[in-house]
Amino acid sequence: ETGVTQTPRHLVMGMTNKKSLKCEQHLGHNAMYWYKQSAKKPLELMFVYSLEERVENNSVPSRFSPECPNSSHLFLHLHTLQPEDSALYLCASSQDAGRDAGELFFGEGSRLTVL
Amino acid sequence: GEDVEQSLFLSVREGDSSVINCTYTDSSSTYLYWYKQEPGAGLQLLTYIFSNMDMKQDQRLTVLLNKKDKHLSLRIADTQTGDSAIYFCAEAFSGGYNKLIFGAGTRLAVHP
């Protein structure tokens with residue numbers, strides 16, 4: 001496998017469920033990101049991790065809880081979500097998290113639907 | 001504040017040129033990027049331009065940067081059906097880490 005892999009690709013959950021999104025990068029990068037993509041809206045940066053340390057929490061509600069156990073894996077734990085949280089959640093990585101570190105490599109995303 | 005704006009749709013005929021426009025707000029951005037998202041896929045870097053450049057050409061792609069007006073454009077020459085995708089403009093946020101601010105994306109539809 002190469003690049004950035006996200007699972008599951010599709011997820012449907014009720015508002016009371018607890019689920020997790022997983023991201024794995026095989027690029028040897030040190031920084032990982034969660035973005036939210038909603039229709040007709042700019043991509044929203046949610047979290048940034050650098051060497052497993054969170055460096056950005058972009059005013060994201062606490063019902064989204066990220067976890068970065070090592071530099072290759074990133075999770076997004078979901079609980080008591082709202083229908084408006086339905087979106088495509090994109091994971092990305094880059095060589096490091098310094099400014100102008102350059103290209104982000106994205107996974108294919110996890111399409112989340114909250115009923 | 002941080003804001004990148006793009007028009008949402010563009011429709012062109014196959015073989016014509018496509019021009020996708022973008023405006024941004026952070027005048028200290030060092031790099032500006034164009035990413036492409038094909039259906040069912042994540043974003044892929046298409047090209048980028050350094051802020052001290054006015055133009056960059058890469059095969060069928062031409063990027064123009066007007067720093068005074070904070071305007072970025074992507075021109076695709078001889079547009080093909082395979083170019084149909086969503087194109088995102090992004091600027092590098094002037095903060096201390098690698099934060100890219102994306103626009104909402106322009107959906108390019110190429111028709112025969």
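The chains referred to below are lettered A, B, ... by the order of the sequence lines, with proteins before strands, and numbering in each begins at 1.
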Student: Answer with yes or no whether the hydrophobic clustering places Y33(A) together with L88(A); edges join I, L, V, M, F, W, Y residues whose side-chain heavy atoms lie under 4.5 Å apart.
Tutor: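 Yes; tracing contacts between hydrophobic side chains, which count when under 4.5 Å, links both residues.
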Student: Could you go through the side-chain contact (heavy atoms from CB on, under 4.5 Å) check for Q37(A) and F88(B) one step at a time?
Tutor: CA-CA 12 Å; Q37(A) 183 179 12; F88(B) 290 87; 3.3 Å; yes
Student: Output the residues of residues 10-19 of chain B for which the shortest heavy-atom distance to chain A is under 4.5 Å, in residue-number order; output 'none' if no such residue exists.
Tutor: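 Interface residues of residues 10-19 of chain B: none, nothing closer than 4.5 Å to chain A.
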Student: Can you list the residues of residues 105-115 of chain A that sit under 4.5 Å from chain B, counting heavy atoms only?
Tutor: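 Residues in range: F106(A), G107(A), E108(A).
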Student: Among the clusters formed by ILVMFWY side chains lying less than 4.5 Å apart, do V48(A) and L74(A) turn up in the same one?
Tutor: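 Cluster IDs for V48(A) and L74(A) differ.
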Student: Among pairs that include at least one residue of residues 68-86 of chain A, which meet salt bridge (Lys or Arg N to Asp or Glu O under 4.0 Å), considering only residues two or more places apart or in two chains?
Tutor: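 Listed by first then second residue: R63(A)-D85(A).
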Student: Counting only heavy atoms from other residues, nucleotides and ligands, does the tally under 6.0 Å from CD of E53(A) exceed 12?
Tutor: no
Student: Find the one option among E5(B), R107(B), Q37(B) whose heavy-atom pairs under 4.5 Å with chain A are most numerous.
Tutor: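 It is Q37(B).
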Student: Between L8(B) and V110(B), is there a shared hydrophobic cluster once you connect ILVMFWY residues whose side-chain heavy atoms come closer than 4.5 Å?
Tutor: no
Student: What residues of residues 48-68 of chain B sit under 4.5 Å from chain A when only non-hydrogen atoms are counted?
Tutor: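 The residues closer than 4.5 Å to chain A amount to none at all.
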Student: Does one hydrophobic cluster hold both Y49(A) and L45(A), with members joined at side-chain heavy-atom distances below 4.5 Å?
Tutor: no
Student: Of the options L100(B), I101(B), L43(B), which is the one that meets L43(A) in a side-chain contact (heavy atoms from CB on, under 4.5 Å)?
Tutor: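 That would be L43(B); it is the only one of L100(B), I101(B), L43(B) passing the side-chain contact (heavy atoms from CB on, under 4.5 Å) with L43(A).
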Student: So what's closer than 4.5 Å to chain A heavy atoms on Q44(B): side chain, backbone, both or neither?
Tutor: neither
Student: Tell me whether M46(A) is reachable from L90(A) by hopping between hydrophobic residues (I, L, V, M, F, W, Y) whose side-chain heavy atoms are closer than 4.5 Å.
Tutor: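 L90(A) does not cluster with M46(A).
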Student: Please walk me through it: do E103(A) and Y31(B) pass side-chain contact (heavy atoms from CB on, under 4.5 Å)?
Tutor: CA-CA 10 Å; E103(A) 182 177 359; Y31(B) 290 95; over 6 Å; no
